[in-house]
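Below is one structure, written out as structure tokens; comments come after it.
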There are 2 protein chains.
Amino acid sequence: MDSITTLLRNRGFKVTPQRLAIYKVLVNTRSHPSAEMIFNDLQPVYPTMSLATVYKTIEILQELGLVQRLNVGEDSFRYDAIVDSHPHIRCLGCGRVDDLEEVDSQEFVKSIDEATSYKITGQQFYFFGYCPVCQKQKKHQN
Amino acid sequence: MDSITTLLRNRGFKVTPQRLAIYKVLVNTRSHPSAEMIFNDLQPVYPTMSLATVYKTIEILQELGLVQRLNVGEDSFRYDAIVDSHPHIRCLGCGRVDDLEEVDSQEFVKSIDEATSYKITGQQFYFFGYCPVCQKQKKHQN
DNA sequence: CTGCATGCAAAGTGTTTGCAGCGAC
DNA sequence: GTCGCTGCAAACACTTTGCATGCAG
């Protein structure tokens, strides 16, 4: 099987409670947390864990292909345990970041691929707007 | 007319040689420079200009809608005087960033807009791959 | 028991801010 | 002449690194 435990061991990484806990946070959320959010999440359970460990672990998880790093135009990165390429949207009112998995972007990618002389290896799509809650609260203008 | 001079004055900003020079760099390039690249470009002509001035000016230019800020997954931002929303691609071999203006993304945006409950106000599309030069030089694997 | 991982603190990087002197108007 | 702008340096926020101690294997 390809559990995180196996993947870590196969690559010569040690399996530590911290690493398992950080990965578990990412797998169990849809909020696309930043390193600090993960750190805060784990504070109650791992009060001695440091932010540096979160960063170091995330880097390994990215290397293993278990996590992808997002840049939704904030000061910090966010992380997603769903590693296939799918569009994301960030609410300009409350800052939440959601997946946009409903739409298939293959066709769009294909048309770009056909139009450019680059050899494309990946892509990131970011949308910005106002979530339903913020629309009601009139946190948006225009 | 809507020259940068007029736009600055209309908003109560002063027209300084530094501001004009920074904007000129952005208008005359397709390389999507970072703040530091702009700073380096101007060193020969404005040897006393500081990086802080570049940042402050760029912020004003963004406010005026003359410049957009890109995040192509590097440590620093890049800037583009072409302000309409168009996809960008960064070469993983040499780091160059190009426009992908050939393809119309309206349809893709529309399909996302119809599928989400967000009110979309903007989007950014980033592609990654290898430019023709780097493909020849085999800077890519696989 | 060995060597990698953790956690702390310090360093690093790009960007922002404060402020005295300067220049646009 | 006024007030905003520049340029310097310091501050900032996030992330990375160095290293002594700790723990997985």
Side-chain angles (χ1 to χ4, degrees), chain A residues 3-23 25 32-40 42-64 67-79 95 97, chain B residues 3-23 25 32-64 67-79 90 95 97:
Chain A
S3 69
I4 173 169
T5 303
T6 312
L7 283 168
L8 283 169
R9 288 225 177 88
N10 286 350
R11 293 281 296 271
F13 295 112
K14 286 186 176 167
V15 178
T16 67
Q18 289 92 333
R19 287 177 178 168
L20 298 179
I22 289 164
Y23 183 59
V25 169
H32 308 86
S34 64
E36 194 154 6
M37 291 173 191
I38 296 170
F39 174 74
N40 290 334
L42 292 172
Q43 273 304 95
V45 189
Y46 293 87
T48 69
M49 186 186 290
S50 80
L51 201 46
T53 298
V54 177
Y55 279 111
K56 286 169 186 166
T57 297
I58 286 171
E59 189 172 350
I60 291 171
L61 294 177
Q62 287 183 254
E63 234 180 288
L64 297 180
V67 163
Q68 69 168 312
R69 185 161 87 156
L70 309 179
N71 192 320
V72 284
E74 297 172 312
D75 294 331
S76 53
F77 291 104
R78 284 166 173 264
Y79 302 92
V97 175
Chain B
S3 69
I4 174 170
T5 304
T6 311
L7 283 168
L8 284 169
R9 288 224 176 88
N10 286 351
R11 292 280 296 271
F13 294 113
K14 286 187 176 165
V15 179
T16 67
Q18 289 91 334
R19 286 176 180 169
L20 298 179
I22 290 164
Y23 183 59
V25 169
H32 309 85
S34 64
E36 193 154 7
M37 292 173 191
I38 297 170
F39 174 72
N40 290 334
D41 258 35
L42 292 172
Q43 273 304 95
V45 189
Y46 293 86
T48 68
M49 186 187 291
S50 79
L51 201 46
T53 297
V54 176
Y55 280 112
K56 286 170 187 166
T57 297
I58 286 171
E59 189 172 351
I60 291 172
L61 294 177
Q62 287 183 253
E63 234 181 288
L64 298 180
V67 163
Q68 68 168 314
R69 187 162 85 155
L70 309 179
N71 193 318
V72 284
E74 297 171 310
D75 295 331
S76 52
F77 292 104
R78 285 166 173 263
Y79 302 93
R90 178 164 64 90
V97 175

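Proteins come first, then strands; the chains are lettered A, B, ... in the order of their sequence lines, and each starts at number 1.
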Inter-residue atom distance B:Ile58.CD1 - B:Arg19.CZ, 0.5 Å rounding: 12.5 Å

Atom pair OH/OG of A:Tyr79 and A:Ser34 - distance to nearest 0.5 Å: 8.0 Å

Rounded to the Å, how far apart are [X] [atom1] and [N] [atom2]?
X       : N      : atom1 : atom2 : value
A:Asn71 : D:dC14 : CG    : C1'   : 12 Å
A:Asn10 : D:dG25 : CG    : C1'   : 15 Å
B:Arg11 : D:dC3  : CZ    : P     : 21 Å
B:Leu20 : D:dT6  : CG    : C1'   : 14 Å
B:Glu59 : D:dC5  : CD    : P     : 12 Å
B:Tyr46 : D:dT6  : OH    : C1'   : 13 Å
B:Tyr55 : D:dT6  : OH    : P     : 16 Å
B:Ile38 : C:dG14 : CD1   : P     : 15 Å

Taking all heavy atoms of [X] and all of [Y], pick out the closest pair and write down the distance.
X       : Y       : result
A:Glu63 : A:Phe13 : OE2-CZ, 4.1 Å
A:Leu8  : A:Lys14 : CD1-O, 4.2 Å
B:Val54 : B:Ala35 : CG1-O, 3.7 Å

More than 12 heavy atoms from other groups under 6.0 Å of CD on B:Gln62: yes

Within 6.0 Å of CD in B:Gln43, more than 12 heavy atoms from elsewhere: yes

Where protein sits on nucleotides 4-11 of chain C, one letter per nucleotide: B base, S sugar-phosphate only, - none, heavy atoms under 4.0 Å: BSBBBB--

C:dC25 OP1/OP2 closer than 4.0 Å to side-chain N/O of B:Arg9: yes

A:Asn40 and A:Glu36: CA distance, side-chain angles, deciding distance, side-chain contact (heavy atoms from CB on, under 4.5 Å) verdict: CA-CA 6 Å; A:Asn40 290 334; A:Glu36 194 154 6; 3.9 Å; yes

Could you list all N or O pairs between the protein and nucleotides 20-22 of chain C that sit under 3.5 Å apart?
none

Audit row: A:Gln68, A:Leu70, side-chain contact (heavy atoms from CB on, under 4.5 Å) steps and yes/no: CA-CA 7 Å; A:Gln68 69 168 312; A:Leu70 309 179; 3.8 Å; yes

